[in-house]
Participant: 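Dropping a structure here in structure tokens format, bear with me for questions.
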Amino acid sequence: MYQRNEFEGSQGSGTAALSIDSAVSDGKPGRTPIFGEAMRSTQPGGGWRDIDLVVDLGAQVGSKLWWRGALTCAVLCGTTFLMAPSVEAIPTMIQPLEAGQWDEARAQAITPLALGGDTGRRMAATDAVEPLAGTPERPRIEMSATLGRGDGLRSVLQRAGVAPGEAAELEGMISDAVPMEDIRPGTVMDIVLGRRPNRTVPRPVDAIAFRARFDLKVEVARVDGALRLNQIQIAVDDTPLRIRGRVGSSLYRSARAAGAPPAAIQEYLRAIGTRMSVNRDIGADAIFDIIVDHRRAETGETETGRLIFAGIERGDRETQLLRWSVGGDDQWFEASGEGQQTGQMLMPINGRLTSGFGYRRHPILGYRRLHTGLDIAAVRGTPIRAAQSGTVNYSGRNRGYGNYVRINHGGGIQTAYAHMSRIVASNGSRVSQGQIIGYVGSTGMSTGPHLHYELIRNGTKVDPRSVSFTRQAQLTGGELQRFRATLANLLEVEPGAALARREDREDSEVVASSSRSAPPRS
């Protein structure tokens, strides 16, 4: 520490110099005074005034002076702790709130305001306020309700405020007119609720109107106190939509520019790809021909369906493919009546491949043997789907395979599914590609829940990952005649006729609207 002694003014200079000699040395060379000793040297007298209460605990650690300073610090800290006030709760009179007071306090809190609350008692009513015997009520309430996916008509009506009994009556009345599965999710219903006799009962239904199907509108109205249903049929033109055009630099872009839906173009490319290479065999001068299902209602709505015809003209060579159903399966048949289906089997489940096709040491038997399929680990109860459409020729228990299903896909191709926890597909039933046939389990000789999946070609089990299939079919007799008649009717459809009719209708509506809104001429 340095101690300020006094300023000695330099003669004539007006400056001062700090004398540090007395602070550095106390007459004993090599010793620096501790904190407080310099103060005692300037104080006259002795006794209690020489006691240094401010001890530097950072110097001379372990000396008597340091221990005295530490003791003094401990005594001061203890005295402070003992003299500190208590931390116990201060007793007070807590008056519990009544129900009305609690509602008022809650209404004035921050949370209701944050959640959008904008009402609540703020002050008592004055003498100028006259109580009302009853508040008026709207005679009718108009609203819209949407049918959600997996939702029921009755639950939608109840959420809109319809009484449960009346909602059940309406559901039964509407289901008699149109099957519930025909009403698509997303259907919007216009509901009108009428006047009620008192506030303790739900409002009665005055009217309901919605589009039940593309060709049907349903209206329910209250007539003479009873509900009456009216079905309004909507005329629909089912003429398919045909689109033709030059391929140019890109088949996809040209078809989109011509008005073909993206999904139909993708399906068209897959169908044509079974007969030729789209990149190599189709030139810029080729003509594409696309026909899709198309419906037009008299009210102006349109609905585009799936691709039903795919054609390509390459000079004097012409390819025409028509979608035709044989045995429940859709295939692409050429104009001659010959069909061909090519593709890959679907994987029955999504899971982790734990064992492939080939020789391995059996996990239970313990010796090396051929593993005739794929083991795919999955959670117990995972749905198993058919890899391809076909007919179930075995369904039941099969020794070490446990619960076992085998499907015949035709053309010498079969698939087998083992170790199921539960079987859904019955023997002899027809299943489509992707249909659930059972659930993952661990029955039979199995060490855990998984699917053992096999592919059998002409009686020999092969690796399911290395096989693609091609099936040929030939239409004959009456089936061939119906096929050719359908193809001839489709080829008579004029390209773009559906779009032209829709544009003409829209133009006529615009003209009619303009004529109605135009001011009369003088």
Participant: Starting at OG1 of T239, measure out to CG of D293 and round the result to the nearest 0.5 Å.
Facilitator: 11.0 Å

Participant: Between R211 and I234, does the side chain to side chain contact (heavy atoms under 4.5 Å, CB included) criterion hold? Intermediate values first, please.
Facilitator: CA-CA 10 Å; R211 188 77 166 261; I234 301 174; 3.1 Å; yes

Participant: For residues V218 and F210, determine if any side-chain heavy atom of one lies less than 4.5 Å from a side-chain heavy atom of the other.
Facilitator: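 Heavy-atom side-chain distance check passes, below 4.5 Å.
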
Participant: By side-chain hydrogen bond (donor to acceptor under 3.5 Å, both in side chains), which residues pair with T372, not counting sequence neighbours?
Facilitator: E454

Participant: Does the side chain to side chain contact (heavy atoms under 4.5 Å, CB included) test come out yes or no for E142 and D190, once each step is laid out?
Facilitator: CA-CA 7 Å; E142 299 179 1; D190 298 326; over 6 Å; no

Participant: With a 4.5 Å limit on heavy-atom distance, are the side chains of K461 and L455 in contact?
Facilitator: no

Participant: Under the salt bridge (charged side-chain N to carboxylate O under 4.0 Å, His left out) rule, what do K217 and E301 come out as? Steps first, then yes or no, please.
Facilitator: CA-CA 13 Å; K217 184 178 181 181; E301 296 84 2; over 6 Å; no

Participant: Is it true that a side-chain atom of S442 and a backbone atom of G448 form a donor plus acceptor pair closer than 3.5 Å?
Facilitator: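 Looks like yes, one N/O pair under 3.5 Å.
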
Participant: Under 3.5 Å, is there a donor-acceptor pair between the side chain of R422 and the main chain of N403?
Facilitator: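 Absent.
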
Participant: Return the minimal non-hydrogen interatomic distance between H452 and Y401, and the atom names on each side.
Facilitator: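 Scanning both residues completely, I find the closest heavy atoms to be CD2-CE2, 3.7 Å.
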
Participant: For E479 and R482, run salt bridge (charged side-chain N to carboxylate O under 4.0 Å, His left out): C-alpha distance rounded to whole Å, both residues' side-chain angles, the deciding distance at 0.1 Å, then the answer.
Facilitator: CA-CA 5 Å; E479 189 75 10; R482 289 192 298 272; 2.3 Å; yes

Participant: Which heavy atom in G305 sits nearest to a heavy atom in V292, and how many Å separate them?
Facilitator: O-CB, 4.3 Å

Participant: Using 0.5 Å steps for rounding, measure from the CG atom of L251 to the CD1 atom of I282.
Facilitator: 6.0 Å

Participant: Rounded to the nearest 0.5 Å, how far apart are NE2 of H294 and CG of D237?
Facilitator: 8.5 Å

Participant: With W332 as reference, evaluate L307, I272, L322 under the side chain to side chain contact (heavy atoms under 4.5 Å, CB included) test and give the passing residue.
Facilitator: L307

Participant: Side chains of V493 and L241: closer than 4.5 Å at any heavy-atom pair?
Facilitator: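 No, too far: nothing below the 4.5 Å cut-off.
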
Participant: Salt bridge (charged side-chain N to carboxylate O under 4.0 Å, His left out): which pairs involve residues 148-168, sequence neighbours left out?
Facilitator: D151-R159, R154-E171, E166-R222

Participant: Is the Y417 to Y404 ring centre distance short of 6.0 Å?
Facilitator: no

Participant: Are side-chain heavy atoms of I174 and M180 found at a separation under 4.5 Å?
Facilitator: yes

Participant: With I312, which of I287, T319, I290 fulfils side chain to side chain contact (heavy atoms under 4.5 Å, CB included)?
Facilitator: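 That would be T319; it is the only one of I287, T319, I290 passing the side chain to side chain contact (heavy atoms under 4.5 Å, CB included) with I312.
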
Participant: Under the 3.5 angstrom rule, does the side chain of R196 hit a backbone N or O of P202 as a donor-acceptor pair?
Facilitator: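 Judged by distance alone, no pair lies under 3.5 Å.
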
Participant: Hey, are the side chains of T415 and P464 touching, using non-hydrogen atoms and a 4.5 Å cut-off?
Facilitator: no

Participant: Does atom CD (E98) have a neighbourhood of more than 12 heavy atoms from anything else shown, all under 6.0 Å?
Facilitator: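 Check fails, neighbour count at 12 or below.
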
Participant: Are V440 and I384 side-chain neighbours, meaning at least one heavy-atom pair lies under 4.5 Å?
Facilitator: yes

Participant: Can you name the nearest heavy-atom pair linking R195 to E137, along with the distance?
Facilitator: NH1-O, 4.1 Å

Participant: Show the nearest heavy-atom pair for residues R242 and L491, with the distance to one decimal.
Facilitator: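 Closest heavy-atom pair between R242 and L491: NH1-O, 2.8 Å.
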
Participant: Looking only at non-hydrogen atoms, find the nearest pair between I423 and G396 and report the distance.
Facilitator: CD1-N, 3.6 Å

Participant: Tell me, which pairs form a salt bridge (charged side-chain N to carboxylate O under 4.0 Å, His left out) where one or both residues lie in residues 395-408, sequence neighbours left out?
Facilitator: none

Participant: If I take atom OG1 from residue T391 and atom CZ from residue R430, how far apart are they, to the nearest 0.5 angstrom?
Facilitator: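 Taking OG1 in T391 and CZ in R430, the distance rounds to 4.5 Å.
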
Participant: Write down the atom of G434, the atom of R385, and the distance for their closest heavy-atom approach.
Facilitator: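 So the two residues come closest at O-NH1, 3.1 Å.
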
Participant: Is there a side-chain contact between V236 and E303 (heavy atoms, below 4.5 Å)?
Facilitator: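 Of all side-chain heavy-atom pairs linking E303 with V236, none is under 4.5 Å.
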
Participant: As an exercise, state the distance from OG of S395 to CE of M420, rounded to the nearest 0.5 Å.
Facilitator: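 It comes to 7.5 Å.
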
Participant: Do the non-hydrogen side-chain atoms of S254 and R246 ever get within less than 4.5 Å of each other?
Facilitator: no

Participant: Ignoring hydrogens and geometry, is there a side-chain-to-backbone donor-acceptor pair from S421 to Y439 under 3.5 Å?
Facilitator: yes

Participant: List the steps, then state whether side chain to side chain contact (heavy atoms under 4.5 Å, CB included) holds for M189 with L153.
Facilitator: CA-CA 10 Å; M189 292 176 283; L153 181 61; 3.4 Å; yes

Participant: Determine whether V392 and I437 satisfy the following criterion, side chain to side chain contact (heavy atoms under 4.5 Å, CB included), listing intermediate values before the conclusion.
Facilitator: CA-CA 9 Å; V392 178; I437 59 175; 5.6 Å; no

Participant: Can you sort out the partners of E318 under salt bridge (Lys or Arg N to Asp or Glu O under 4.0 Å), two or more places apart, ordered by chain and number?
Facilitator: none

Participant: Is it the case that the side chains of T443 and H419 hold a donor-acceptor pair, with the cut-off being a distance below 3.5 Å and no angle test?
Facilitator: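 No.
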
Participant: I'd like to check the salt bridge (Lys or Arg N to Asp or Glu O under 4.0 Å) partners of R380; sequence neighbours left out, ordered by chain and number.
Facilitator: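 Not a single residue meets the salt bridge (Lys or Arg N to Asp or Glu O under 4.0 Å) criterion with R380.
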
Participant: Just grab all the salt bridge (charged side-chain N to carboxylate O under 4.0 Å, His left out) pairs involving residues 173-183, residues at least two apart or on different chains.
Facilitator: D182-R213

Participant: Only one of I349, I376, D375 clears side chain to side chain contact (heavy atoms under 4.5 Å, CB included) with H450; which?
Facilitator: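 Of all the options given, the one that passes is D375.
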
Participant: How many angstroms lie between atom CG of D463 and atom CG of L374, to the nearest 0.5 angstrom?
Facilitator: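 It is 5.5 Å, given to the nearest 0.5 Å.
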
